[in-house]
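Some notes on the structure that comes next.
We number each residue from 1, following the sequence as shown. Source: prediction; values computed, not measured.
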Amino acid sequence: RRVDHVYFLESGIVSLRIVAPEGLLETAITGYRGAVGIPFLLGGSIPTQQSIVLFSGNSLRIRSDDLRRVMREYPDVLERLLRYAQALNVHSTQAALCGARHELMPRLACWLCLAADAIDGDVLPVTHDYLSMALAMRRAGVTEALLRFEELGLIRKMRGVLQINDHRGLQQKACGCYSVISGAYAQAENAAGYRLDDFLGRPLSRA
């Protein structure tokens, strides 16, 4: 469908996926510092990915046409959004490399660290089944890796919820993709930014 709105997340996580007849592939996750509906920035009006709410939360939205006008009138806004789009592209391409080259435990640690960053918190309402789907790995392998992380004191598993107890330790178990992806977002956030509703004649509507 045509992208009518862009959503700026205040909380929660959205999973970005490519869907094919054989299944689906999660290419990135985005949270409070991210946006959904960015493809039009690159000149398109039809999204190339499916966006699914993974953890519920709040977002602010703006009509695509209004955001285009803001970007024309205020180049600083355009620059900041393009930097975010570039970081998201790094996330997607690095995730593809990660899936092809890295073992389950480092990939799982990377995903958990990125998810914790996306919600800026320690508690992830995520199931073994979802992690298995997101990482394209057998559920038994995911369960075994989580048990190992729990034995090391890095996480604590509860029914439908996973709590991270040792961020630094989990980051050390993650593959190098975590530092590449988190570094790309950090670089994008260093750009000078403005609240979009400062430039519009009205506040953004809450989704």
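Qualifying salt bridge (charged side-chain N to carboxylate O under 4.0 Å, His left out) partners for R156, counting only residues two or more places apart in sequence or in other chains: none.
Between the side chain of D120 and the backbone N or O of A116, no donor-acceptor pair lies under 3.5 Å. With Y84 contributing its side chain and G34 its backbone, the two residues share no donor-acceptor pair below 3.5 Å.
Contact detail for A85 and I38: the closest heavy-atom pair is CB-CG2, 3.7 Å. Looking at every heavy atom in both residues, L67 comes nearest to V6 through CD2-CG2, 3.9 Å. The two residues C113 and Y178 come nearest to each other via the heavy atoms CB-CE1, 3.5 Å. Considering every non-hydrogen atom in both A118 and T30, the closest pair reads CB-C, 4.3 Å. Here the shortest heavy-atom pairing between A184 and A87 reads O-CB, 3.6 Å. Residue P125 comes nearest to F55 through the heavy atom pair O-CE2, 3.2 Å, listed as atom of the first residue, atom of the second, then distance.
Salt bridge present: R83 and E79 bring a charged side-chain N and a carboxylate O closer than 4.0 Å.
Using a 4.5 Å cut-off on side-chain heavy atoms (C-beta onward), V90 and V180 make contact. Contact check for I62 versus H5: no side-chain heavy atoms found under the 4.5 Å cut-off. You'll find the side chain of Y32 stays beyond 4.5 Å of the side chain of S11, heavy atoms only. At a threshold of 4.5 Å between non-hydrogen side-chain atoms, the residues L135 and L104 count as touching. Looking only at side-chain heavy atoms (C-beta outward), Q163 and N165 come within less than 4.5 Å of each other.
Note: the hydrophobic cluster containing L25 does not contain I13 (ILVMFWY, side chain heavy atoms under 4.5 Å, direct or indirect links). Hydrophobic cluster membership differs between L147 and L152, with clusters built from Ile, Leu, Val, Met, Phe, Trp and Tyr side chains linked at under 4.5 angstrom. Linking ILVMFWY residues whenever their side-chain heavy atoms come closer than 4.5 Å, directly or via other members, leaves L54 and V161 in distinct clusters.
Between L162 and the choices T127, V123, L146, the side-chain contact (heavy atoms from CB on, under 4.5 Å) rule is met once, by L146.
A cation-pi arrangement is present between R33 and Y185 under the rule of less than 6.0 angstrom and at most 45 degrees off the ring axis.
For the residue pair Y7 and S51, no side-chain donor N or O sits within less than 3.5 Å of a side-chain acceptor on the partner.
By the neighbour-count criterion of 12 heavy atoms within 6.0 Å, atom CZ of R148 is sparsely surrounded, having that number or fewer from other residues, nucleotides or ligands.
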Check step by step if side chain to side chain contact (heavy atoms under 4.5 Å, CB included) holds for L81 and M71. CA-CA 9 Å; L81 291 176; M71 292 189 300; 3.8 Å; yes

Where do D4 and R63 land on the salt bridge (Lys or Arg N to Asp or Glu O under 4.0 Å) test, with the steps shown first? CA-CA 6 Å; D4 294 322; R63 289 183 58 84; 5.7 Å; no

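The stretch residues 93-113 participates, sequence neighbours left out, in these side chain to side chain donor-acceptor pair (under 3.5 Å) pairs: E26-W111.
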